[in-house]
Amino acid sequence: MPALSTVTLFRPTGEQELALVRDSGWKAFPSRLPDQPFFYPVLNETYATQIARDWNTKDGGTGYVLRFQVDEGFLGRYAVQTVGSNVHQEYWIPADELEEFNRHPVGPIEVIAVYTAADAQS
């Protein structure tokens, strides 16, 4: 049986979402809030770092960069969206498809970086 092909994705997040991911056993992302129509995993660590360091740390919060693998075959149903420069690439997973998305990570979600307000760039 051939090995499953995966794509590495990143998720910048704050303290509340991190707690929910931890509560899932590092296996799933929490449901979106009513005003959040999409889940946005990003394609590279540089972009995730920018968001975690410069946005999630506002008002004294802590920003985290999460890394995880997703089944490439499943991910193929979504188009990559570029929302700025070429480094600003992400997937737009509709909120009502997040439960299905959560069945396709391969391995655990892991924290790879932590940022505080002192790390933020203006």
- The single option from Leu66, Leu43, Ile112 that satisfies side chain to side chain contact (heavy atoms under 4.5 Å, CB included) with Phe10 is Ile112

- Rounded to the nearest 0.5 angstrom, the CG-CZ distance for Asp71 and Arg103 is 13.0 Å

- Note on the structure: CZ (Arg67) and CD (Glu110) are apart, to the nearest 0.5 Å, by 4.0 Å

- Query: Backbone N or O of Pro30 within a donor-acceptor pair of the Arg32 side chain at under 3.5 Å?
  - Reply: yes

- Item | Backbone of Val87 reached by a side-chain donor or acceptor of Asn44 within 3.5 Å | yes

- Task: Treat each ILVMFWY residue as a node, draw an edge where side-chain heavy atoms are under 4.5 Å apart, and state whether Phe39 and Val7 are in one component.
- Result: yes

- Smallest heavy-atom separation, Glu72 atom then Ser5 atom, equals OE1-OG, 2.5 Å

- Task: Give the intermediate values and the outcome of ring pair (Phe, Tyr, Trp, His ring centres under 6.0 Å) for residues Tyr91 and Tyr40.
- Result: CA-CA 6 Å; Tyr91 285 101; Tyr40 301 98; over 10 Å; no

- Query: At their closest point, which heavy atom of Ala48 faces which heavy atom of Val42, and how far apart are they?
  - Reply: CB-CG2, 3.6 Å

- Message: Strictly distance-based, threshold 3.5 Å: is any side-chain N or O of Gln36 a donor or acceptor partner for the main-chain N or O of Leu33?
- Response: yes

- Message: For the CD1 atom of Ile109 and the CH2 atom of Trp26, what is their distance to the nearest 0.5 Å?
- Response: 8.0 Å

- Looking at side-chain heavy atoms only, is the closest gap between Arg22 and Leu18 below 4.5 Å? yes

- Item | Side chain to side chain, Leu75 and Leu9, heavy atoms closer than 4.5 Å | yes

- Task: Could you tell me whether Glu17 and Arg11 have a side-chain N and a carboxylate O separated by less than 4.0 Å?
- Result: yes

- Query: Less than 4.5 Å apart, any side-chain heavy atom of Thr49 and any of Thr46?
  - Reply: no

- Message: What verdict does the side-chain hydrogen bond (donor to acceptor under 3.5 Å, both in side chains) test give for Glu15 and Tyr64, after you've listed the backbone C-alpha separation in whole Å, the side-chain angles of each residue and the deciding distance to 0.1 Å?
- Response: CA-CA 8 Å; Glu15 297 170 18; Tyr64 302 89; 4.8 Å; no

- Message: Treating Asp119 as the side-chain partner and Thr116 as the backbone partner, does any N or O pair qualify as donor plus acceptor under 3.5 Å?
- Response: yes

- Item | Shortest non-hydrogen contact from Val65 toward Ala52 | CG2-CB, 3.8 Å

- Keeping the roles fixed (side chain from Asn56, backbone from Thr62), state whether a donor-acceptor pair exists under 3.5 Å. no

- Message: Would you say Tyr47 and Gln89 are linked by a side-chain donor-acceptor pair, where the criterion is simply a distance under 3.5 Å?
- Response: no

- In this structure, are over 12 heavy atoms from other groups packed under 6.0 Å from Glu99 atom CD? no

- CG on Leu98 to CG on Asn102, rounded to 0.5 Å: 4.5 Å

- Task: Would you please test Phe29 and Phe68 for ring pair (Phe, Tyr, Trp, His ring centres under 6.0 Å) and show each step?
- Result: CA-CA 11 Å; Phe29 291 95; Phe68 58 103; 4.8 Å; yes

- Query: Roughly how far, to the nearest 0.5 Å, is CZ of Phe38 from CD of Glu97?
  - Reply: 9.0 Å

- Task: Supply the atom-to-atom distance Glu100 CD to Ile93 CD1, rounded to the nearest 0.5 angstrom.
- Result: 11.0 Å

- Around Asp96, counting heavy atoms of other residues, nucleotides and ligands shown, do more than 12 lie under 6.0 Å from its CG? yes

- Task: Would you check if the side chain of His104 reaches a backbone N or O of Phe101 as a donor-acceptor pair within less than 3.5 Å?
- Result: no

- Minimum heavy-atom separation for Ala117 to Gly60, with atom names? CB-CA, 4.3 Å

- Message: Looking only at the side chains, is there a donor atom on one of Gln50 and His88 sitting less than 3.5 Å from an acceptor on the other?
- Response: yes

